[in-house]
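Okay, so here's the structure we're looking at.
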Amino acid sequence: MEKVRTRFAPSPTGYLHVGGARTALFNWLWARHTGGVFILRIEDTDVARSTQESTDAIFEAMEWLGIDWDEGPFYQSRRGNLYREAMDRLLAAGKAYACDCSAEALEKMRERGMALDGRPRYDGTCREKGLEWTEGTVLRFKVPRIGVTVLPDQVKGDIAFQNADLDDFIIARSDRSPTYNFTVVVDDIDMGVNTIIRGDDHVMNTPKQMLLYQALESPLPAFGHVPMVLGPDRTRLSKRHGATSVTAFRDMGYLPEAMINYLARLGWSHGDQEFFTRDELIEKFTVERIGKSAGIFDMEKLTSLNADHIMATPVEDLGARVEPFLTGLGFDASDTDYRLRVVETLVPRSKTLVDMAAQAAFYYEEDVVFEEQAAKKFLRPVALEPARLLLSKLEALQDWKERALEGVFQAVMDETGLKLGKIAQPVRVALTGRSASPGIFEIIDILGREKTVLRLKKALAFIEARAAKAD
RNA sequence: GGUCCCAUCGUCUAGCGGUUAGGACACCGGCCUCUCACGCCGGUAACCGGGGUUCGAGUCCCCGUGGGAUCACCA
């Protein structure tokens with residue numbers, strides 16, 4: 001069996017969006033699954049719209065996702081002579097011809113065709129003129145007038161196109177630069193690409209490209225057209241649907257593992273399995289299992305999957321990954337051991353790294369700020385007695401460990417006759433400012449004696465002041 | 001409008017002639033419990049419509065409807 005050679009060929013006219021990322025992912029997975037080769041090619045023939053920033057953004061996004069390439073990046077803008085050579089071959093073989101129709105004439109043809117049978121098209125005016133290909137004329141490909149081109153699509157099945165419905169499309173502009181349908185084919189032939197997985201917005205281009213393969217006397221690659229990714233309103237995903245740039249998800253605290261898991265599962269399935277590690281994806285991915293219908297991008301499911309991946313990631317790893325988010329919040333999170341202990345308590349409660357960093361705030365803040373609702377509900381005079389008792393016992397505690405701390409609470413419970421909940425909630429608010437947090441013993445353990453005592457005293461003062469005001 | 005594609009819970013999907021139509025997200029109950037999560041248990045919720053084929057259709061065929069893609073000297 002021939003070695004699989006796939007490619008991802010984005011045009012650098014913007015950031016890498018989720019749809020493109022999924023296309024890249026599928027090609028990459030297929031190459032990795034089969035032990036093949038994955039190629040990156042930048043389609044920058046449209047000089048006006050291509051930018052270096054976009055190219056860099058694409059690299060950055062792919063690197064973050066962990067989608068690496070074996071060959072490339074190749075730039076179409078630097079492969080002019082290759083295209084020129086192919087043009088000459090086609091021209092010499094009579095498979096292409098020059099056309100000097102004006103833009104106005106072309107517009108007329110389209111209008112006429114539209115009025116005639118709803119089919120706007122080029123009417124072949126210059127097809128047999130034998131015009132010389134000079135500056136100012138374009139080069140058109142001579143599409144067979146009869147016959148059917150059947151696309152054996154790996155995901156959609158056979159799709160038939162009447163050659164008569166295809167235009168004699170332009171392969172070289174009047175400035176002699178090659179157009180998309182032509183460059184892709186020439187490049188894919190040159191690079192030995194034998195498997196093309198791409199968005200299904202390309203199906204209509206495919207018969208034209210297949211004809212080009214024939215004209216260039218090259219074997220056809222296998223085609224697989226993947227359905228689109230839609231926004232919640234069922235229209236093509238775009239900026240107005242919110243975040244669509246891959247790197248935006250990185251900044252929102254999503255893990256690349258979760259991202260590729262979600263993207264893979266959107267349009268592809270493996271029985272009932274939802275959670276996949278990168279290796280499992282490579283092991284189980286096949287083009288055959290790609291679905292045929294378009295899918296809606298669901299942020300909620302991505303988020304849920306992200307939480308699952310957070311729980312599946314080693315804490316050391318997570319610790320390193322949240323640090324920038326902690327720093328971004330203005331905290332000094334350079335103490336690795338402390339950070340790891342903090343992260344450990346937050347793992348099952350965090351949907352994203354941003355979420356995790358936000359929840360970690362009380363561990364780093366100098367001073368806790370009591371949330372109004374929480375303070376109102378729990379920092380009340382009834383909490384004074386048990387809190388004072390707890391404080392004195394904590395100050396005297398020798399062994400500052402979770403087990404011992406639990407013993408301290410038990411003692412307070414015994415002496416006051418109160419249940420743990422009655423004591424823990426006020427203390428929680430005192431230490432974290434909020435009514436929800438990780439377990440009370442682990443928090444105290446991690447915070448340490450100094451901070452715990454300080455915060456407890458502050459809360460005590462807060463309650464006393466409040467009681468005084470009430471009198 | 002022409003051409004092409006698609007159609008199972010709100011969403012992602014399993015299903016490849018015979019199933020009480022399964023799972024996941026979300027949602028709603030309950031359990032666990034120091035709070036919040038996690039976890040566990042349970043629930044609401046789907047085969048677009050109409051014709052065929054067949055002993056039997058979510059599964060096969062046709063038509064309709066709906067949605068999408070594409071019709072450039074853009075990629």
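Per chain, numbering begins at 1; letters A, B, ... match sequence-line order.
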*When we call it a touch if two heavy atoms are under 4.0 Å apart, what does A/R49 touch: a base, just sugar-phosphate, or nothing?*
base
*A/K156 has a side chain; which of B/C6, B/C4, B/A75 sits nearest to it?*
B/C6
*Please determine if a side-chain N or O atom of A/R289 lies less than 4.0 Å away from the OP1 or OP2 oxygen of B/G15.*
yes
*Nearest-nucleotide pick for A/N181, side chain only, options being B/A75, B/C5, B/G1*: B/A75
*Between B/C25 and A/R265, is there an OP1 or OP2 to side-chain N/O distance shorter than 4.0 Å?*
no
*asked:* Within the 4.0 Å heavy-atom criterion, would you say A/S174 contacts the bases, only the backbone, or no part of the nucleic acid?
replied: base
*Exam field: side chain A/T416 to backbone A/L418, donor-acceptor pair closer than 3.5 Å*: yes
*Measure from the side chain of A/R140, starting at C-beta and using heavy atoms only, and say which of B/C5, B/C71, B/C73 lies closest.*
B/C73
*Compare side-chain N and O positions of A/R236 against OP1 and OP2 of B/G67 and report whether any pair is under 4.0 Å apart.*
no
*How far apart are the closest heavy atoms of A/A215 and A/F141, and which atoms are they?*
CB-CE1, 3.6 Å
_Need one value for A/T45: base, sugar-phosphate or nothing, where a base atom within 4.0 Å counts as base even if backbone is also close, heavy atoms only._
sugar-phosphate
*asked:* Under 4.0 Å, counting only non-hydrogen atoms across every strand here, what does A/D175 touch: a base, just sugar-phosphate, or nothing?
replied: nothing
*Taking all atoms of both residues into account, what is the closest heavy-atom pair of A/F370 and A/A375, and its distance?*
CB-CB, 3.9 Å
*Protein-nucleotide distance (A/D153, atom CG; B/A69, atom C1'), rounded to Å*: 13 Å
*Looking at B/U11, B/C6, B/A75, which one has an atom nearest to any side-chain atom of A/D298?*
B/U11
*Hey, does A/V203 reach any base, or is it just sugar-phosphate, or nothing, if we go heavy atoms under 4.0 Å?*
nothing
_Audit row: A/C101, A/T125, side-chain contact (heavy atoms from CB on, under 4.5 Å) steps and yes/no_ = CA-CA 8 Å; A/C101 291; A/T125 303; 3.9 Å; yes
_Expressed as a whole number of angstroms, how long is the span from A/M204:CE to B/A75:C1'?_
17 Å
*Considering non-hydrogen atoms only, spot the tightest contact between A/I423 and A/V427 and give its length.*
O-CG2, 3.1 Å
*Presence of donor-acceptor pair under 3.5 Å, side chain of A/Q273 and base of B/G23*: no
*Mind checking A/A160 for me? I need base, sugar-phosphate or nothing, with any heavy atom below 4.0 Å counting as a touch.*
sugar-phosphate
*asked:* Quick test of your reading of the model: are A/E85 and A/R79 salt-bridged, counting only N-O distances below 4.0 Å?
replied: no
*P spacing across the pair B/U8 / B/A46, given as an integer number of angstrom*: 14 Å
*Shortest side-chain distance from A/F161, nucleotide among B/U3, B/A75, B/G23*: B/U3
*asked:* Is the phosphate of B/A24 approached by A/K301 (side-chain N or O, under 4.0 Å from OP1 or OP2)?
replied: no
*Tell me what A/H225 touches on the nucleic acid: a base, only sugar-phosphate, or nothing, going by heavy atoms under 4.0 Å.*
nothing
*asked:* For nucleotides 27-35 of chain B, give me one character per nucleotide, 5' to 3': B if any protein heavy atom sits under 4.0 Å from the base, S if the only such contacts are to the sugar-phosphate, - if neither.
replied: -------BB
_So, does A/T179 get its side chain near the phosphate of B/A75, meaning an N or O under 4.0 Å from OP1 or OP2?_
no
*Looking only at atom C1', what distance separates B/G23 and B/A45, rounded to whole Å?*
14 Å
*A/R234 side chain: which of B/G22, B/U11, B/C25 is closest?*
B/U11
